Amino acid sequence: MEKETVEMWKAKGRLGATILKEDYDAIKHFIFSILHEKEAVELQELLNEAHNNLSAIIKRDFTLQLLEVKQDLEVKGLINVTRQANRVQFISSIRKNSKDRSYAWGTRSVK
């Protein structure tokens, strides 16, 4: 049985990690649902909320995957991440184009 994967992107056009599409979609949906409720969210709050809400869907530790999906969405221009001098990050949605462009990037099937 083939499982679809998503190749994520890092800054400067470098390829990032590859994860299962179903995990990518769950994490992406979660991030956007939080940003729909709030204008901006601090990264630590996002991680805490994710552990409360996604642990029933993704049965393994997904903290690294969440950080990689966040970075992928930032590189694709779908979210904005503001980094403060004390290393605190705030994530906000970029609403200039509501069309989901993420499927134009690196989705493929593997066995």
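Note that this is a predicted model, so its numbers are computed, not measured. For the numbers below, each heavy atom of this structure counts, side chains included, while hydrogens, waters and symmetry mates do not.
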Next item on the list: Start with the C-alpha gap between Leu46 and Phe30, add the side-chain angles, then the distance that decides, and say whether side chain to side chain contact (heavy atoms under 4.5 Å, CB included) holds.
Entry: CA-CA 9 Å; Leu46 182 70; Phe30 170 76; 3.7 Å; yes
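- In this structure, the side chains of Lys21 and Lys3 stay at 4.5 Å or more apart for every pair of heavy atoms.
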Margin query: Using side chain to side chain contact (heavy atoms under 4.5 Å, CB included), reason through Tyr24 and Thr5 one step at a time and then give a plain yes or no.
Written below: CA-CA 8 Å; Tyr24 181 89; Thr5 61; over 6 Å; no
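- With rounding to the nearest 0.5 Å, the separation of CG in Leu67 from CD in Gln89 is 8.0 Å.
- With a 4.5 Å cut-off on side-chain heavy atoms, Lys76 and Asp72 count as touching.
- A salt bridge links Glu74 and Arg83; the closest N-O separation between the charged side-chain nitrogens and carboxylate oxygens is under 4.0 Å.
- Taking the side chain as every heavy atom from C-beta outward, Trp9 and Arg14 never approach each other to under 4.5 Å.
- Linking Ile, Leu, Val, Met, Phe, Trp and Tyr whenever their side-chain heavy atoms come within less than 4.5 Å puts Ile19 and Ile57 in one cluster.
- In this structure, the separation between OG1 on Thr82 and CG on Leu43 is 12.0 Å, given to the nearest 0.5 Å.
- Residue Ala50 comes nearest to Leu66 through the heavy atom pair CB-CD1, 3.4 Å, listed as atom of the first residue, atom of the second, then distance.
- In terms of heavy-atom proximity, Thr18 sits nearest to Glu7 at OG1-CG, 3.5 Å.
- Residues Phe32 and Leu73 have side chains in contact (heavy-atom distance under 4.5 Å, counting atoms from C-beta outward).
- Among residues two or more places apart in sequence or in another chain, the side-chain contact (heavy atoms from CB on, under 4.5 Å) test is passed with Arg60 by Leu20, Asp23, Ile58, Gln65.
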Item checked: Test log, rule side chain to side chain contact (heavy atoms under 4.5 Å, CB included), inputs His51 and Asp61 -> CA-CA 9 Å; His51 284 284; Asp61 184 28; 4.0 Å; yes
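- Under the 4.5 Å side-chain heavy-atom criterion for grouping Ile, Leu, Val, Met, Phe, Trp and Tyr, Leu64 is not connected to Ile27 through any hydrophobic cluster.
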Notebook entry, point to check: Which is it for Ile79 and Val81 under the side chain to side chain contact (heavy atoms under 4.5 Å, CB included) test, yes or no, and what are the steps along the way?
Noted result: CA-CA 7 Å; Ile79 63 172; Val81 178; 4.2 Å; yes
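- Across all their heavy atoms, Leu35 and Ser93 have their closest contact at CD1-N, 3.8 Å.
- The main-chain N or O of Asn86 is never found under 3.5 Å from a side-chain atom of Gln84 such that the two would form a donor-acceptor pair.
- Here the CD1 atom belonging to Ile91 is positioned 13.5 Å from the CD atom belonging to Glu39, to the nearest 0.5 angstrom.
- Lys10 is listed as a side-chain neighbour of Gln71, based on a closest heavy-atom distance under 4.5 Å.
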